[in-house]
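A short write-up of the structure that comes next.
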Amino acid sequence: MTGVRIVHAADIHLDSPLRGLSRFADDDLAQQLRLASRHAMENLVRLVVDKRAHALVLAGDIYDGDWRDYATGQFFARQMDVLHQHGVRVFMVAGNHDAASVVTRAVSLPDNVAVMSTDKAQTLTVDDLGLAVHGQGFASKAVDENLALSYPDRVGGLVNVGILHTAVSGAEGHARYAPCSPADLERRDYEYFALGHVHARKVVNRGHRIAAFSGNLQGRHVNETGPKGALVVDLAVDQEAVLAFEPLDVARWEKVAVDATGLRSIDDVFDAVERRLAEERASTGDRPLLARVTITGDTTAAGALSDRVRLTENVRSLAERVGVTVEKAVSQARAPRAGSGVEDRLLDAIRRRGRELTGDLGLVHEVAKWPDRDFGRELRRNGVLDLRDDELLRRIAATAVDELVAKMSSEVN
């Protein structure tokens, strides 16, 4: 045949919970979020069938570690059986979360699924597709050697696809497992290298020999924002791969920034927040939007915005009107300069003393010892906070200083 179409997905993390919403998500949404990774997996299988792909390539972390029971593995097996019934081949490697040493339970997978070796890189050829697939899974959770260097040479006359779970040259927020360089991947001379581990979609090598991360299938927390899904990849021998992204997530995370510069009242700020949330909501279709709202800029409402309880309650209330669930609302707004040298010097002195306070752990602990003596033990026992924790106390002190400056700035303005 003249061409091969594959779907490339990775980092499904089946049955991994979405984090940061349990405190306030309603029952229906909470249930939807608990099943988000499964629904995203079902969307992936539907995409493979609808796009008439010849093969599904899974670049690691299908699971999220060992399973509490067999339900996770059985669900995955059922999805693979759907592809089996449609004649779709599946090639997969284990990543750090589903390494051979991590997932101790086994489940029987249908004959269309090939799990690549964890001992060394291997090549599987499918002559009727004109396809050669090269890959190696993780034998243990932490693999620090460059696996790409031992991948086999291309098979002549076939479309060659590599599968690798790797951080490549390193990615923020991800452990440097199976590190390699883009040049290492390009030297293998495969038509396409399907990568996993990095949860942000990214093309590593462009041009004649493309290597790409598909990103994860479903964002799991507020640092995994934007559309998530898979790549549909059209391939031909010695031709440049053609990639098309398909969103498959069932809930979407966004960080929504609202610039309050020049807004004079807290109502004006909240109106601006509602408009921004409505704009973001319109872009997500039918899927729920889960947002962290951050207010920035210079505004005379900065003092009122420093009341975190009021801010959070108001933002969540107005977000509900436009169909958005807010994970957290934060104000980084600043009060405009007072315009008076006396007030400016006073506020600068407070800021300077605040920096000194947060930098003097001994002083911070001295201030905190009285509340810790009165109710600190109860707070620790209930898992609320630990008033003996250095970093926590620094954050509390810095927040208190910021709120004081914001309120004083609003009053002098």
Can you tell me how far CG of L44 sits from CD of Q79, rounded to the nearest 0.5 angstrom? 9.0 Å
Can you tell which of V203, V168, D11 makes a side-chain contact (heavy atoms from CB on, under 4.5 Å) with F213? V168
d(N216 CG, H199 NE2) to nearest 0.5 Å is 5.0 Å
Using modelled atom types only, decide if a donor and an acceptor are shared between the side chain of H54 and the backbone of R5 within a distance under 3.5 Å. yes
CA sep, side-chain torsions, deciding dist, call: H86, V82, side-chain contact (heavy atoms from CB on, under 4.5 Å): CA-CA 7 Å; H86 285 84; V82 172; 4.2 Å; yes
E224 side chain to G219 backbone, donor-acceptor under 3.5 Å: no
Start with the C-alpha gap between L185 and L164, add the side-chain angles, then the distance that decides, and say whether side-chain contact (heavy atoms from CB on, under 4.5 Å) holds. CA-CA 10 Å; L185 302 174; L164 180 61; 4.0 Å; yes
Okay, side chain of D307, backbone of A304: is any donor-acceptor separation there less than 3.5 Å? no
Backbone of A291 reached by a side-chain donor or acceptor of E327 within 3.5 Å: no
Does any N or O in the side chain of R276 come within less than 3.5 Å of the main-chain N or O of A257, such that one atom is a donor and the other an acceptor? yes
Working for side chain to side chain donor-acceptor pair (under 3.5 Å), residues S317 and N314: CA-CA 5 Å; S317 177; N314 278 276; over 6 Å; no
Donor-acceptor pair, distance only, cut-off 3.5 Å: does the side chain of S214 make one with the backbone of L231? no
Got a sec, which pairs hit salt bridge (Lys or Arg N to Asp or Glu O under 4.0 Å) with one end in residues 37-54, sequence neighbours left out? D15-R38, K51-E246
Please answer whether the main-chain N or O of V326 pairs with a side-chain N or O of R316 as donor and acceptor at a distance below 3.5 Å. yes
Closest contact, heavy atoms only, A272 versus L263: CB-CD1, 4.0 Å
Evaluate side-chain contact (heavy atoms from CB on, under 4.5 Å) for D64 paired with L14, printing each intermediate quantity in order. CA-CA 6 Å; D64 196 50; L14 269 177; over 6 Å; no
CD1 of I6 to OH of Y192: how many Å apart, nearest 0.5 Å? 6.0 Å
Does a sphere of radius 6.0 Å around CD in E320 hold more than 12 heavy atoms from other residues, nucleotides or ligands, not counting ones at 6.0 Å or beyond? no
Could you tell me whether E240 and R206 make a salt bridge, using a distance below 4.0 angstrom between a side-chain N and a carboxylate O? no
Test item: L311 and F270 side chains (from C-beta on) under 4.5 Å apart, heavy atoms: yes
Under the 3.5 angstrom rule, does the side chain of K255 hit a backbone N or O of T294 as a donor-acceptor pair? no
Looking at every heavy atom in both S16 and S37, which two are closest together, and how far apart are they? N-OG, 4.0 Å
Contact check, side chains of F193 and T166, non-hydrogen atoms, under 4.5 Å: no
So, does H221 use its side chain to make a donor-acceptor pair with the main chain of N223 at under 3.5 Å? yes
Parallel, tilted or perpendicular: which one describes the rings of H165 and F138, with boundaries at 30° and 60°? perpendicular
A side-chain contact here means heavy atoms from C-beta on lying under 4.5 Å apart; do D61 and N96 qualify? yes
Would you call the rings of Y151 and Y190 parallel, tilted or perpendicular, taking 30° and 60° as the class edges? tilted
Check whether Q122 reaches the backbone of S117 with its side chain - one donor and one acceptor, N or O, closer than 3.5 Å. yes
Is any side-chain N of the basic residue among D111 and R89 closer than 4.0 Å to the acidic one's carboxylate O? no
Whether the T261 and D259 side chains hold a donor-acceptor pair (N or O, under 3.5 Å, no angle test) is what I'd like checked. yes
Tell me yes or no: between the side chains of R252 and T284, is some donor less than 3.5 Å from an acceptor? no
Might you point out which heavy atoms bring V143 and P179 nearest each other, and give the distance in Å? O-CD, 4.4 Å
Side chains of R287 and V250, heavy atoms from C-beta outward: is any pair under 4.5 Å? no
